Protein chains: 2
Amino acid sequence: MDLGNKLEGTRATIETEIESFFSSAPPLNNSLDFSEQVDKFIRRNSVASGNGGPSRVVCVTSGGTTVPLEQRCVRYIDNFSSGHRGAASTEYFLKAGYAVIFLYRRGTCQPYCSSLPDDPLLECFELTDEPNIQVRQEHSEAVKRAISENHAAVVEGLLLKLPFTTIFEYLQMLRMIAIPMSNLGPNAIFYLAAAVSDFYVPWQSMAEHKIQSASGPLNMQLAQVPKMLSVLRRDWAPMAFCISFKLETDSKILLEKAGVALKKYKMNMVVANELSSRKEEVVIVTSDGQIPVRRNKAAGVDDVENPLIQLIVERHSAHIESSNL
Amino acid sequence: MDLGNKLEGTRATIETEIESFFSSAPPLNNSLDFSEQVDKFIRRNSVASGNGGPSRVVCVTSGGTTVPLEQRCVRYIDNFSSGHRGAASTEYFLKAGYAVIFLYRRGTCQPYCSSLPDDPLLECFELTDEPNIQVRQEHSEAVKRAISENHAAVVEGLLLKLPFTTIFEYLQMLRMIAIPMSNLGPNAIFYLAAAVSDFYVPWQSMAEHKIQSASGPLNMQLAQVPKMLSVLRRDWAPMAFCISFKLETDSKILLEKAGVALKKYKMNMVVANELSSRKEEVVIVTSDGQIPVRRNKAAGVDDVENPLIQLIVERHSAHIESSNL
């Protein structure tokens, strides 16, 4: 068969896989509520922004998805991700005037909380004379900033936080966000920092009950999660500015794999991270070339997300301009 | 071979498996610090208690252990456990005059925090006039209780909190706690509520780098984690009062499996939980028979841990008495 037919064939296969993933996934709880919240947020933020320009909305995904191994789930496969990148990036997007849909793994880092200890309530406060509690001096600024800035962003309707746990929830929620976001055309960004499972157990082939350990070693066969980036780009939100992330532990294969993802899924950018150095440096891979982005060590508290989001905002502006020509 | 020889053979196999588990596990970070903290806590709490009786120490384990699938870990298998049982039980043990070593999965429920929302810092506080923050009225009592009671228990040296993540950390830490706790003889309790992985990938056979998804479906073979309950009972702390937990999703096999565990590992009690009803009812399986323990619904806020710990404290007192005969 010729190349055109072959591409058609591949597309049909991916579509069948995706269709089968969604139709076999356990349905999302409260999907009507969810949908309503998202639609309302996008509608409210699609009118002209305060500075007169068109308003911009970014969907930031953050943290790892889980893959249940049993229907009445006791065990699951998880992807390591603190959610730090997504949370910090959300702060910079808000600062740059974007409205943010923060689709995050339950329990991972929240915006404005990155400089707090793991268990802020118990570690940051103390009782003074009986009825009063106060913030310990050393955490005072960080706690006030977390509470006030988070509160401001939520109350002003610029930050919508939506938690997920499983790969089934994540992909259904992403689709329910992406389709209404397509109404924003090129003003929408997808900043896909979540660590999404590559492998899963299809619901219908999953054990109902907890797998028993008495019967010796465990053999598992996991199927590949269909690559949703292609449909996000092609069908869900074709005009949006799309940024995906590639994490590897082996720096030798990282840039090559990021380049492949850029072309294969027609991303606008792929952010390449190496596990051990990801807080110091990332490389942005675009069709124009590779741009290393480093944390400004001289600036003390500065992080790699600050220059990263600056660069993304610039490129997004250019994307909007060229789309409106 | 006769039964004696067969038992000897089985014991030798388990010991070889355990030896090989520990010798191949990645060594614990700061193991000297850890050991010092534990020894100091046990020494301090092994002198006679305030009420003149011998002091009692319980090691409560809580939350699930992870099993890394790669040495530079991106993916891991996790066991679902909020840590609610362990955290609530810790409160009741403290109330009953015990000192508690709380060995918990990083990020899971903490004692005194069970009635707080998921993200207490951002959800419980608000700014009033600029420089001040205050607790929202509706969370006021819960927040004050969490901060003051946690603080009191830690400051008085009655609560030592030690976080783990992986199965390798958990079992090394448990051994480092159990051996010095054996000095307390029958006054020690092990309350093993953590959801411990049954299967793992031995460190030396683990992929170094992130497993690639391009090569199709993933086949995994996992080995069984050696059952440490036998060595805990026999070698680490033979006089202690030992309580293990059995969680199943299939109520038909639960009590039988709990009974097998009681005999096989010579536990003093096995607490049998069924996943969907575990907050309402558990069954305590002992060599004298089965005792159902239910939440007292009439009492409003009462939970199943309250009557559970009451019963354990009674049985522990009897255990101490009979050991001292």
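Numbers restart at 1 for each chain; the letters A, B, ... are given by sequence-line order, proteins then strands. Worth knowing before you read on, the calculation uses all heavy atoms, side chains too, and leaves out hydrogens, waters and symmetry mates. Predicted model only: the values in this text are computed from it and were never measured.
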Among Leu275(B), Ile253(B), Thr249(B), the one residue meeting side chain to side chain contact (heavy atoms under 4.5 Å, CB included) with His209(A):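 That would be Thr249(B); it is the only one of Leu275(B), Ile253(B), Thr249(B) passing the side chain to side chain contact (heavy atoms under 4.5 Å, CB included) with His209(A).
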Under 4.5 Å heavy-atom distance to chain B, tell me which part of [X] shows up: side chain, backbone, both or neither.
{"X": "Lys252(A)", "result": "neither"}
{"X": "Cys113(A)", "result": "side chain"}
{"X": "Leu218(A)", "result": "both"}
{"X": "Val135(A)", "result": "side chain"}
{"X": "Leu247(A)", "result": "both"}
{"X": "Glu70(A)", "result": "neither"}

Least distance between heavy atoms, Asn219(A) atom then Gln221(B) atom: OD1-CG, 3.4 Å
Residue, of Asn150(A), Val67(A), Thr66(A), Val74(A), that accumulates the most heavy atom pairs under 4.5 Å with chain B: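 If we count pairs closer than 4.5 Å to chain B, Val74(A) comes out on top.
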Between [atom1] on residue [X] and [atom2] on residue [Y], distance to nearest 0.5 Å:
{"X": "Phe199(A)", "Y": "Met220(B)", "atom1": "CZ", "atom2": "CE", "result": "9.0 Å"}
{"X": "Phe80(B)", "Y": "Leu69(A)", "atom1": "CZ", "atom2": "CG", "result": "14.0 Å"}
{"X": "Leu121(B)", "Y": "Gln110(A)", "atom1": "CG", "atom2": "CD", "result": "10.5 Å"}
{"X": "Lys210(A)", "Y": "Lys246(B)", "atom1": "NZ", "atom2": "NZ", "result": "6.0 Å"}

Are there over 12 heavy-atom neighbours, none belonging to [X], within less than 6.0 Å of that residue's [atom1]?
{"X": "Glu138(A)", "atom1": "CD", "answer": "yes"}
{"X": "Gln204(A)", "atom1": "CD", "answer": "yes"}
{"X": "His151(B)", "atom1": "NE2", "answer": "no"}
{"X": "Glu256(A)", "atom1": "CD", "answer": "no"}

Side chains of [X] and [Y]: does their closest heavy-atom pair fall under 4.5 Å?
{"X": "Arg75(A)", "Y": "Asp198(B)", "value": "yes"}
{"X": "Ile77(A)", "Y": "Asp78(B)", "value": "no"}
{"X": "Lys161(B)", "Y": "Leu122(A)", "value": "yes"}

